[in-house]
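The block underneath contains the structure these notes are about, expressed in structure tokens.
Worth knowing before you read on, the calculation uses all heavy atoms, side chains too, and leaves out hydrogens, waters and symmetry mates. Protein chains get the first letters and strands the later ones, always in sequence-line order, with residue 1 at the start of each.
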Amino acid sequence: MKKWIVSIVLIALITIPVSCLAASVTPQVFTFAGHNDVMTLDVSQMNDEMSALIMYALNESLIRNSYNEIIPGLAESYDVSEDGTVYTFHLRDAKWSDGVPVTAKDFEYSFLRTMNPNTGSSQVSEFDSILNAQAYYNGEITDTSLVGVKALDDKTLVLTLTYNDPFFITEMAEGINFYPIREEYVEKYGMSYASSPETFIGCGPFVLKEWVQGARITLEKNPEYWNADKVKLDKVVELIIPDENTRVGMYDLGEIDAIYSISKVQTIMHPEFGSRSGGTLQYLAFNCSEGLVMENMNLRKSLSYAIDREAIVAAISSPGTISVDRMIDPSIIIDGKSVTESYPNSTGVPPSGDIEKAKEFLNKALSELGLSKASDLPSINYVCMDSPVHKQYAEALQAGWKDGLGVDVGISILPVPQAIGALLSGQFDIFLVGQSSGVDPATIMNNFTIGNGNNYARWNSEEYSDLIAAQSENPDLAERLLQIQQAEAIILDEAPVAPLWTPGTAYLCREYVKNLHYGRQTGSIEFIFAYIEN
Amino acid sequence: MVGYIFRRLLISLLTLWLLATITFFLLRLLPGNPFQTDQILTFEMQERMMNYYGLNRPIIEQYFTYMGNLLQGNMGYSLKYTNRTVNSIISKAFPVSADLGLRSLALALPIGLFLGIASARKRGKTVDYLCVIISVIGVSIPSFILGSFLQYIFALKLKILPMAQWTTEMHKVLPTVAIALGLLATLTRIMRASMLEVTTQDYVKTAKSKGLSEGKIVWSHEIRNALIPILTMMGPMVASVLMGTFVIEKIFAIPGLGLHFVNSITGLDYTMTMGLTVFFGAFLVTANFLVDIAYGIVDPRIRIAK
């Protein structure tokens, strides 16, 4: 009997410290909630945030954008030719998650596959600065050896550009379609490639373990990853929870560690939220087509001056939203400095509007149109996308114009595809456009040239178009930025568009999750180097 | 009987063909195209995508291509979930919705019928009022309120049941109850009304005057006849419940068909909407067919074998 007691005590003495030790090590598991399933893991087809966010963890491109810095990915280094048109990438020794080495051929195959007209990718324009890429994806040439993508050997990839594009490396680091693809997987699974864990393979920090479509995605650390030492999480789970109240409820219960986008209402209940801005710019496009009411520049300026952006942002926008007065996103950094700081420009409209100036412009417009009062103006049609925030914006803007100027603006709310259809076919007077602001400061401004299919405002300025054309192939970056600044001054002065704000995103994350980052590449959370604190 | 089934089968196929055809053309009448999303693609890129998916070809040609594929059971690839076929999406999501639907039916059917019968038998008494109150509440509370309310009480406050997802048996309790309550209420109301109507029928009076026992009258004369209206509504009810409910599936994050129904239409995912419509149509037609056969079993007057 005594022996029993002694042995029990002994066992207890040995096991208790061991179990205490085991309990003190926090499992490195990170769980977050997304609102929609991954659309596809096919690198060539991918064009949505959900997919980009998961692909960022499952795969590895030549270079990465991490914590807003360009860091090496599978390319150990790269050289640029003197004229800036030939980029030679030197690959490191890296393996796919099944242990097969990654070669330059995998990149060559992936890039050419995306550009191939038979792939049906909507992302081909990502490769526009590569030699003959446009000719190939438009079907003008079929010989891929003419395209500026070449694997010299297993470790060397050469990309040839049409001109010296100073933004190429940054665009590549922030792009979501520059990952390698294993050809044999595409050959084997055809159209169903990358639609399940069996049909997909990556070479990134994590491996796709489970994909319950519409419900859950489980990733596990990839031991074959070249930089595996830096990856601390063992497992990442994304739960797909379409309803926001449910997501927040699960966060409150401690079932999930982070939600990467929450609405303004939820931020009131969760003051610990974080926020970020940039990457997208929202502006009003006025339809300047001949014969339409918005053809009148003074009327456009009048409406622009009457907008109290500050009040609207405070009342409606998600936290982090910053009101802007120009067509360049202030979050674009060149040489460590915001472009908007280095190259100032403004519409001159103060953040809270200037109703006196707006009235002056309105009076000018009315006399030009031969009208005596604002109510004589022809009907103005604001086409609004059917989303809660867009509807609130439309109503706030409408009320501002009515109260401040007495101008009546009618709102037509249309489902997203129809609304975009109206925008592209010019069946609107005013439209709130949100556009990704890209890496090149002129990304959005490039649209408004004469004859451009995406010149939503249908505004024609030769001087502006010439400047945009001149800057686009100017190898001298400083000169290029000056030309962009000059072009911007013209568009801001003639006001075919009224810049509004860069929308923010509010997110929730538990304090014990460290090193989580809101990245520019995915427009969403980057968790590859995150860890759970004890 | 064989002739009847054959005739019904032909009519069903005709119905499905009409359904598919009308949906096909109605969908194309909607303005816009699937590639106009809030991440605005350039005009050229949209044309490219329309060409790639053959959506720029003459509509009649597209119609025949689609119908040809449909006849072989191939519903094509989703335009949004690229790389996934509509068949594979349905085959993954339908079992989930059907599981949830069957659970709710299994819960709602016996309770609903029992409450309906009890209520009719005790007409004007406390039991009746209770049942009427339950059914009015069940019918009038929208499922999104009920779902959120259940989540709030049992998951957030009491912490005895999980909030959402469709994994363990415990996860399935709340959504099942949320759907079942609405069904139960409808069933109770119809069963009650139907029972009350049957009680005044001549054959019940005859049975009473013959001196049959109360239990025998209720069981083999009243309930059996009162079930016919229930059977009539069972076809569409079963079909719609098994097809998933948008709201409950959204609130409880259940990967069923419900979300696909709504999202595919708002996103103009033509192939997905078509696939779901045809699938739902086929299911509904089958359910109604089974109900027609069941009539004969319950009610000898509607024997179909003539």
Of all of [options], which one pairs up most often with chain B through heavy atoms under 4.5 Å apart?
{"options": "A:G453, A:P242, A:P117", "answer": "A:P242"}
{"options": "A:V212, A:I240, A:V124", "answer": "A:V124"}
{"options": "A:L253, A:V416, A:I241, A:L41", "answer": "A:L253"}

- Sequence-distant partners of B:E61, side chain to side chain donor-acceptor pair (under 3.5 Å), two or more places apart: none
- Structural part of B:M45 lying under 4.5 Å from a heavy atom of chain A: side chain
- Item | Heavy-atom proximity to chain A below 4.5 Å, by part of B:I89 | neither
Candidate polar pairs, chain B side and chain A side, donor-acceptor under 3.5 Å:
residue: B:F43; atom: N; partner: A:N454; partner atom: OD1; Å: 3.3
residue: B:R48; atom: NH1; partner: A:Y137; partner atom: O; Å: 2.7
residue: B:Y52; atom: OH; partner: A:N118; partner atom: O; Å: 3.2
residue: B:Y52; atom: OH; partner: A:T119; partner atom: O; Å: 3.3
residue: B:N83; atom: ND2; partner: A:D42; partner atom: OD2; Å: 3.2
residue: B:N83; atom: ND2; partner: A:Y193; partner atom: O; Å: 2.5
residue: B:R84; atom: NH1; partner: A:Q213; partner atom: OE1; Å: 3.3
residue: B:R84; atom: NH2; partner: A:D37; partner atom: OD2; Å: 3.2
residue: B:R84; atom: NH2; partner: A:V38; partner atom: O; Å: 2.9
residue: B:Q165; atom: NE2; partner: A:A215; partner atom: O; Å: 3.2
residue: B:I251; atom: O; partner: A:T246; partner atom: OG1; Å: 2.6

- Considering residues, nucleotides and ligands other than B:F149, do more than 12 of their heavy atoms fall under 6.0 Å from its CZ? no
- Task: Using non-hydrogen atoms and a 4.5 Å limit, figure out which bit of A:V38 sits close to chain B: side chain, backbone, both or neither.
- Result: backbone
- Query: Looking only at heavy atoms, which of residues 251-258 of chain B get nearer than 4.5 Å to chain A?
  - Reply: B:I251, B:A253, B:P255
- Query: By side chain to side chain contact (heavy atoms under 4.5 Å, CB included), which residues pair with B:A185, not counting sequence neighbours?
  - Reply: B:S135, B:V139
